[in-house]
Engineer: 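First, the structure itself, so that you have it in front of you.
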Amino acid sequence: MKKLILAAFVIVTVSSMFLWYSHSVSAASPVFFLKMQGLSPVWGLSEPLSFDQLVAANPLYVFSNPFQEVARLTPARIQDIHSALPQTKVVLHLLCCTMFNPRELDTSVIIVHAALQNTQAEFDNAWVKYQKSFMKNKVGGYVYYKIQKTINYWTNEGDGYLMDPASSFYQDFLYNKIKYHITIGGFDGAYLDLMYPNFMRAFYYSVPMVNGNNITDEQWRNKLISLSRYLQNRKQSDPNLKMRNALIITNSVGGYPSNGPDPIDRVQFNRDLQTQGIQIENPFMDYRTLSTTAWLSTVNRIRDITALRDNRMKGWLNFHSPKWVGDQAECDRHGLYAYSSYLLGNQSPRFAFYFQCRIAPGNLQEPTQNLTHIRLGPALGQYQQVSSSLYLRKYKRGIVLVNPTAGQSTYRPDVNLKDAYSNTVYPKNIIITLPPYTGMVFLRDFSVPTATPTPASSLQCRASCTAPNYWKTPREECGHTTAGATKYWCYIAG
């Protein structure tokens, strides 16, 4: 999740992230929603307004990734969260396989971040007694953790070291560090970053060696599986009840190709990890150029991963692309497409969704629509392909449609529908048009406008719209005439 870490510092607005999921639960249970909200890294959760917003949001997860000392969540502040939101889980960001040498660090930002990993005394002890746990490259040098310089956030060679995930020393050390943050720090769990099933060369100054050769992806996976299983087995047998109930989430899916076949079975890898929770990172990034086959493969991957642990897998889908989009409208369109695609696949009521896009330098922006603050209820089966260009999934209180193709698609509903993010109502049997690469979410069984078109009606782009036709409400621009007049969507009676 390195890009998210960079964004958290560069835009100086994110220090903790709040995620909550989209499915409603029974009427007797509290309803959680999903959203990620940035707080100032200077003030963290100390601002009353920010804390009030957190309480009002009722999140499933609070994900803490601080970069300034005053933004760290103290045990007292975590207790405040638990007192107001007893079912919310507060999760701390850690790197899976890195120890820092604090005396070598240059910036306060990385110092705060590194302090969560280890102390100077812990590093010195490992350096003196457990040299074999420090991974080396083919020329005998250490493998250093790498962050490219961005303003005043970076690491140099010698700042952070790649540790062997299969080392008995490091496995014991990491477990005890997690236990410290949970039993003393007050957190409910830890998020382990960079648990990808392929070695991510971009985050290190060199490649580690195994038996005289550069490590293979399979060898790297086996080391991570060893680490994850150790942590889970140790946690399950821990005499401390809070530790047995702790949550360990792994960033263990990302890094797969956008188009083309994926050589790694990422579902099986996460099954082998025996992980409790997972982050799915940056799917549907280049959504306008993503082939339908690749899009469907990603939807199926979401389906299969969230179905682990008997359809109760915890975690979140986290989109935080470094690529710039044109404007807020494109951010909104992309966000709804990603969310609709996620809803086609998701199987777990404990799995969250988060989306941000980059509109301007130093600015990660959420979609205008509050995507996850809707109550669809439980899914009524799996997604269906209703045509060559349209996929549908029904929920108790709504439906989800996605057109992942370069052509226009249409759908005729058998019940009255309402756009989940506007006041637009679609009467039964009216034709709904989905432009290329579009996702839509609807709520079911809403009353229809008085002026109802005939079943053969269609939505057309018009400069004028008179009875028996009627404007789409609220009016939505769809283009301009040759004279420059604005055109709007209009229901045309057939």
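Computation of the quantities below employed the complete heavy-atom set of this structure, encompassing side-chain atoms and omitting hydrogens, waters and symmetry-equivalent molecules.
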Engineer: Decide yes or no on side chain to side chain donor-acceptor pair (under 3.5 Å) for Asn251 and Asp193, but give the supporting numbers first.
Structural biologist: CA-CA 5 Å; Asn251 187 12; Asp193 205 351; 2.7 Å; yes
Engineer: Check whether any side-chain heavy atom of Leu54 sits under 4.5 Å from a side-chain heavy atom of Pro59, and report yes or no.
Structural biologist: yes
Engineer: Tyr339 and Phe355: aromatic ring centres closer than 6.0 Å?
Structural biologist: no
Engineer: Identify the heavy atoms of Leu371 and Tyr421 that sit nearest to each other, and give their distance.
Structural biologist: O-OH, 2.5 Å
Engineer: Does Lys428 pair with Asp414 as a salt bridge, N-O distance under 4.0 Å?
Structural biologist: no
Engineer: Quiz question: by atom type and distance under 3.5 Å, do the side chains of Gln268 and Asp272 form a donor-acceptor pair?
Structural biologist: yes
Engineer: Which pair of heavy atoms, one from Ile248 and one from Thr275, lies closest together, and at what distance?
Structural biologist: O-OG1, 3.7 Å
Engineer: Could you tell me whether Tyr437 and His334 have their ring centroids closer than 6.0 angstrom?
Structural biologist: no
Engineer: Side chain to side chain donor-acceptor pair (under 3.5 Å), that's the test. Do Ser409 and Ser389 meet it? Break it down for me.
Structural biologist: CA-CA 6 Å; Ser409 186; Ser389 59; 3.0 Å; yes
Engineer: Where is the tightest heavy-atom contact between Gln236 and Arg244, given as atom of each residue plus distance?
Structural biologist: O-CD, 3.5 Å
Engineer: Between Arg444 and Lys418 (side chain of the first, backbone of the second, donor and acceptor by atom type, cut-off under 3.5 Å), is there such a pair?
Structural biologist: no
Engineer: Would you say the side-chain atoms of Tyr196 and Asp217 include a donor-acceptor pair closer than 3.5 Å?
Structural biologist: no
Engineer: Before we go on, tell me: are the rings of Phe319 and Phe284 under 6.0 Å apart, centre to centre?
Structural biologist: no
Engineer: Is the Trp316-Tyr61 ring centre distance short of 6.0 angstrom?
Structural biologist: yes
Engineer: Are the charged groups of Arg288 and Glu330 less than 4.0 angstrom apart, N to O?
Structural biologist: yes
Engineer: Go through it in stages, so that I can follow the logic: the residues are Tyr337 and Arg333, the test is side chain to side chain donor-acceptor pair (under 3.5 Å), and I'd like the CA-CA distance, side-chain angles, deciding distance and then a yes or no.
Structural biologist: CA-CA 6 Å; Tyr337 183 81; Arg333 181 185 177 93; over 6 Å; no
Engineer: Answer yes if the side chains of Ser83 and Gln79 hold a donor-acceptor pair under 3.5 Å, and no otherwise.
Structural biologist: yes
Engineer: For Lys323, is there an ion pair with Asp286 - N to carboxylate O distance below 4.0 angstrom?
Structural biologist: yes
Engineer: After noting the C-alpha distance and the side-chain angles of Asp238 and Tyr175, does the key distance pass the side chain to side chain donor-acceptor pair (under 3.5 Å) rule?
Structural biologist: CA-CA 11 Å; Asp238 198 297; Tyr175 182 82; 2.6 Å; yes
Engineer: Give a yes or no on whether a salt bridge exists between Arg301 and Asp262, defined as a side-chain N under 4.0 angstrom from a carboxylate O.
Structural biologist: yes
Engineer: Taking the six-membered ring of Phe51, is NZ or CZ of Arg77 closer than 6.0 Å to its centre and within 45° of its axis?
Structural biologist: yes
Engineer: We want to know whether Ser422 and Thr424 form a side-chain donor-acceptor pair, criterion being a heavy-atom distance below 3.5 angstrom.
Structural biologist: yes
